[in-house]
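For clarity, every value in this text was computed on a predicted model and none was experimentally measured.
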Amino acid sequence: MYCVLDANVPVLRLWFDGETDTKTDYRLTRDAMRSLQRLLRRQQDHGWGSELEVLVYTYWLAHGLSYRVVSRVFNVPKPTIFRIVHRVADGIFYNLKKAISFPENLAAVGQKFVALSGTPAFHNVVGAIDGCHIRVKPPAQHRLDYLNYKGFYSINMQAICDAEGRFLDIFVGYPGSVHDTRVMKNSPFYLTARYPPPGFFIFGDGGYTCLETPIPLLTPYKEPVRGPIQQCFNYRHAKARTVIERAFGIMKTRWRSTLFRALEVAPAFATKVICTCAFLHNVCLDNGDTLEPDEDMLDDNVDPEPPHDPEPEASGNALRDALAARVYGAVV
């Protein structure tokens, strides 16, 4: 069954005129929107049905509006808008790998982390990992499970990004009370240990444990640091790692009407909405559709969760010490 919309409504006239800037209404440029429509188009789709549904979904996401309001904007019955929104969210969710995947050219990724951090010692860094909290309206049952350490109800989003802020992997759905380390240990990324490959590593903040196995994840030295080698490493590490905080900030800025207030949908659907925001973040970057993160969105991410106790049996301290020595050696 196809989506039939009235092409005379203002937001569709804007789209069909082919020239007017679309970012105000849809938060995506025309190039990014067309790329998204191509990614989601199925073989059995005919006409403009699927493309128009993408317009409805991105408008709903961009304005954080109710189904009732969007139905008035597009002159379409509310139940139809509900079905469109859920259908597009499902379509993106089941096609995440079309835009979110681990890179093949690891050397190129490493060189970008070298440029970002300012040290050639980081040529084998191929990702930065962190978690962020997306506000939600908690379900009546298990309400306290969604109360995070910052004092608001949320769903956890774990992500790994490259040096340009492009998401390489996401894992979304754990309630906000769950610690970042536990989220990571239950994620497919950790359980399969398929990234990064031997000889490469990723960076995380002090909320994680410094690991060599099953994944090489290096964290900063705890404060107060001991000597100039640790101080130098932490400085360069922070310069490389903050790209993941910036990526979260950009994603939340683009979709701030949805992500900066509590999502008033069921947790299962909230998870899909968050995943679509990450997918669209990458689509925008791939099409040169960039923006600067709002300061309040950056502030919303930079407070790290207190770390759990270290795990000496999986310690990456020796690997970190060796890398820290190379970082310091490249400076002095």
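Here Arg256 pairs with Asp294, Asp296 under the salt bridge (Lys or Arg N to Asp or Glu O under 4.0 Å) rule; sequence neighbours left out. In this structure, the salt bridge (Lys or Arg N to Asp or Glu O under 4.0 Å) partners of Lys23, at least two apart in sequence or on a different chain, are Asp289. Looking at residues two or more places apart in sequence or on another chain, you find no salt bridge (Lys or Arg N to Asp or Glu O under 4.0 Å) involving Asp321. By the salt bridge (Lys or Arg N to Asp or Glu O under 4.0 Å) test, Glu264 pairs with no residue at all, sequence neighbours left out.
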Q) Do Phe203 and Phe122 pass the ring-ring contact (aromatic ring centres under 6.0 Å, His included) test, and can you show the C-alpha distance, the side-chain angles, and the key distance before you say yes or no? A) CA-CA 10 Å; Phe203 282 166; Phe122 286 174; 4.9 Å; yes
Q: Give the intermediate values and the outcome of ring-ring contact (aromatic ring centres under 6.0 Å, His included) for residues His63 and Tyr59.
A: CA-CA 6 Å; His63 296 276; Tyr59 189 92; 4.2 Å; yes
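When each of Asp25, Asp17, Asp21 is checked for a salt bridge (Lys or Arg N to Asp or Glu O under 4.0 Å) with Arg30, only Asp17 meets the rule.
The local environment of CZ in Phe200 is crowded, with over 12 non-hydrogen atoms from other residues, nucleotides or ligands closer than 6.0 Å. Heavy-atom neighbours of Arg194 CZ from other residues, nucleotides or ligands within 6.0 Å: at or below the threshold of 12.
By the 30° and 60° cut-offs, the orientation of the rings of Tyr26 relative to Trp15 is perpendicular.
Note that Arg135 lies in the cation-pi zone of Phe152, set by a 6.0 Å cut-off to the ring centre and a 45° limit from the axis.
Looking at Tyr57 and Arg87, their side chains never bring a donor and an acceptor atom within 3.5 Å of each other. No donor-acceptor contact under 3.5 angstrom links the side chains of His133 and Tyr149, judged on distance only.
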What pairs of donor and acceptor atoms, side-chain ones from residues 223-230 against any protein atom, are under 3.5 angstrom apart with sequence neighbours left out?
| residue | atom | partner | partner atom | Å |
| --- | --- | --- | --- | --- |
| Gln230 | OE1 | Arg226 | N | 2.8 |

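For residues 100-117, the pairs satisfying side chain to side chain donor-acceptor pair (under 3.5 Å) are Lys112-Glu164, with sequence neighbours left out.
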